[in-house]
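Let me begin by presenting the structure, written as structure tokens, before commenting on it.
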Amino acid sequence: MYTPLAQDDSVERLPIYDEKKSRTRQLARQIFRLTFAISVGCNIVLLLSRRSAQSPRDCTVSLGSDVTPFAKLKWDKWIMYEHGGVYVDESDDVSDAAWEAIDYNSGSVALDDDYVAEMGLPISQRFPWDDSKGLYFMNGQHQIHCLQALRKSFLQLRDRVPLDLDWAHNMHCFNALRQEIICTADDTPRSMTFAHPGSIGVGQYRRCRDWDKMVAWTEERWSCWRNINKTDEIDTLLRYRYCPEGSPYYERIHAIFGDFEMGEGASASN
């Protein structure tokens, strides 16, 4: 006689397929995915809008109140990282004019020996028109000189024409910039931008010192130096004769050299 086996509650039974519940779960997953995608999209749009509308006030990183010992510069100027601009314009005429407009001649200064001793600077070569002063070249303008020189050499290599600046001088400038970067150790985190993949920091602001204030300080102490005949071997004294009218050295200089060109066309020969 057949006797059905007793059901054992401990035996796991296969779940009964419920088509209605399955469709409900699938729909819920689809809604979640759609909601997540919309959320991600909105966040990207928000980040882009914030990036494009960023202003210096959005930056909260403070570099402190350090003041430089010489020109008394502070971290009080906001500057935005550029991706393009006149310095990299496709037209050489436009970019050349922009680079040449950054004048480094004022970087040669004559400092009084008493001031030099007070500030702990080493004694330097004598200023030709006043033996109580020494000649110094400001670091910032020297870096600009090096950038301008390297850029010109790079363009000359591109155009396959002889270099104006000898190779050793080019290498000196590379090394000067390397030392400056290592010394400054700028720890500003630059963002990975959406607008220019592969570019960093575009549109991002950072605190800087005021270049114009530094130039104003150097112009007050200018040694009357101009880098005329850049690639020629000339009497160095000829480069220190450009004191403006009203300078205490003006009459003495013109008594020695007579009248000569003081404008843009100045050179050792005129």
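- One finds the CE atom of M262 at 7.5 Å from the CZ atom of R226 (value rounded to the nearest 0.5 Å).
- Around CZ of F154, the count of heavy atoms belonging to other residues, nucleotides or ligands within 6.0 Å does not exceed 12.
- Aromatic ring orientation, Y249 versus F127: perpendicular (interplanar angle above 60°, classes split at 30° and 60°).
- If you chain together hydrophobic residues whose side chains sit under 4.5 Å apart, Y136 and L237 never meet in one group.
- Separating the NE2 atom in H145 from the CG atom in D103 is a distance of 12.5 Å, to the nearest 0.5 Å.
- Summarising the geometry of A268 relative to L238, their closest heavy-atom pair is CB-CD1, 3.8 Å, with the distance given to 0.1 Å.
- Between Y242 and F260, a ring centre-to-centre spacing shorter than 6.0 Å is recorded.
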Test log, rule side chain to side chain contact (heavy atoms under 4.5 Å, CB included), inputs N227 and N105: CA-CA 7 Å; N227 196 17; N105 287 303; 3.7 Å; yes
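- Under the 6.0 Å cut-off for aromatic ring centres, W129 and Y240 do not qualify, their centroids lying 6.0 Å or more apart.
- Linking Ile, Leu, Val, Met, Phe, Trp and Tyr whenever their side-chain heavy atoms come within less than 4.5 Å puts L157 and M171 in one cluster.
- L147 and M214 end up in the same hydrophobic cluster when Ile, Leu, Val, Met, Phe, Trp and Tyr side chains are linked at under 4.5 Å.
- Within 6.0 Å of CD in E251 there are 12 or fewer heavy atoms belonging to other residues, nucleotides or ligands.
- For D210 (side chain) and K74 (main-chain N/O), no donor-acceptor pair under 3.5 Å exists by modelled atom type.
- When atom types are taken as modelled, the side chain of T68 and the backbone of L73 share a donor-acceptor pair closer than 3.5 angstrom.
- Side-chain polar atoms of E261 and S267 form no donor-acceptor pair below 3.5 angstrom.
- Residue E118 holds its CD atom at 12.5 Å from CG of D113, rounded to the nearest 0.5 Å.
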**Message:** Quick one, D112 with D130, criterion side chain to side chain contact (heavy atoms under 4.5 Å, CB included). Give me CA distance, side-chain angles, the key distance, then yes/no.
**Reply:** CA-CA 9 Å; D112 185 270; D130 186 342; over 6 Å; no
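- Hydrophobic clustering (side-chain heavy atoms under 4.5 Å, transitive across Ile, Leu, Val, Met, Phe, Trp, Tyr) keeps I144 apart from W217.
- Look at K230 and D164 and you find no salt bridge, because none of the NZ, NE, NH1 or NH2 atoms lies under 4.0 Å from a carboxylate O.
- A cation-pi arrangement is found for R209 relative to W75, the charged atom lying closer than 6.0 Å to the ring centre and inside a 45° cone about the ring normal.
- Judged purely by distance below 3.5 Å, without hydrogens or angles, the side chains of S191 and Q204 pair a donor atom with an acceptor atom.
- At most 12 non-hydrogen atoms from other residues, nucleotides or ligands lie less than 6.0 angstrom from CG of D259.
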Check: Given the rule in the salt bridge (Lys or Arg N to Asp or Glu O under 4.0 Å) test, do R158 and D92 qualify, once you have shown the distances and angles that lead to the verdict?
Finding: CA-CA 12 Å; R158 179 200 66 181; D92 283 352; 2.7 Å; yes
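- For OH of Y115, the number of neighbouring non-hydrogen atoms (other residues, nucleotides, ligands) closer than 6.0 Å is greater than 12.
- Between the R207 side chain and the K77 main chain, no donor and acceptor come within less than 3.5 Å of each other.
- A salt bridge links D96 to R151: at least one charged side-chain nitrogen sits closer than 4.0 Å to a carboxylate oxygen.
- When every heavy atom of S199 is checked against every heavy atom of H83, the shortest pair comes out as OG-CE1, 3.1 Å.
- Side-chain contact, S132 with R126: no donor N or O sits under 3.5 Å from an acceptor N or O.
- Taking the side chain as every heavy atom from C-beta outward, V215 and E219 approach each other to under 4.5 Å.
- Nearest heavy-atom pair across I228 and A266 is CG2-O, 3.7 Å.
- Residues Q156 and P162 are not in side-chain contact: their nearest non-hydrogen atoms beyond the backbone lie 4.5 Å or more apart.
- A donor-acceptor pair under 3.5 Å is absent between the side-chain atoms of N229 and the main chain of D232, judged by distance alone.
- Contact record, P122 with V116: O-CG1, 3.9 Å, taken as the closest heavy-atom pair.
- For F137, the ring pair (Phe, Tyr, Trp, His ring centres under 6.0 Å) criterion is met by W225, not counting sequence neighbours.
- A heavy-atom distance below 4.5 Å is not found between the side chains of L165 and T231.
- Listed here is the closest heavy atom pair of P128 and L135: CD-CD1, 4.1 Å.
- From D235, atom CG reaches atom CZ of R241 across 9.5 Å, with rounding to the nearest 0.5 Å.
- We find the NZ-CD distance between K152 and Q148 to be 10.0 Å, quoted to the nearest 0.5 Å.
- Here S108 contributes atom OG and R239 contributes atom CZ; the two are 11.0 Å apart, rounded to the nearest 0.5 Å.
- For T188 and D186, the side-chain atoms include at least one donor-acceptor pair closer than 3.5 Å.
- Two residues are said to be in side-chain contact when any heavy atoms from C-beta on lie closer than 4.5 Å; M119 and P69 meet this criterion.
- With sequence neighbours excluded, no residue forms a side chain to side chain contact (heavy atoms under 4.5 Å, CB included) with R160.
- Closest approach of I253 and C243 over heavy atoms only: CD1-SG, 3.5 Å.
- Looking at heavy atoms from C-beta onward, L111 lies out of side-chain contact with K133 at the 4.5 angstrom threshold.
- Proximity of L121 to F70: side-chain heavy atoms (C-beta onward) are separated by under 4.5 Å at one or more points.
- Listed for the S153 side chain is a donor-acceptor partner under 3.5 Å among the backbone atoms of A149.
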*Which is it for D76 and K213 under the salt bridge (Lys or Arg N to Asp or Glu O under 4.0 Å) test, yes or no, and what are the steps along the way?*
CA-CA 11 Å; D76 57 2; K213 289 180 181 178; 3.1 Å; yes
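- Considering only heavy atoms from C-beta on, V109 stays 4.5 Å or farther from W222 through its side chain.
- Y81 and Y87 are not part of a single hydrophobic cluster, where members link through side-chain heavy atoms under 4.5 Å apart.
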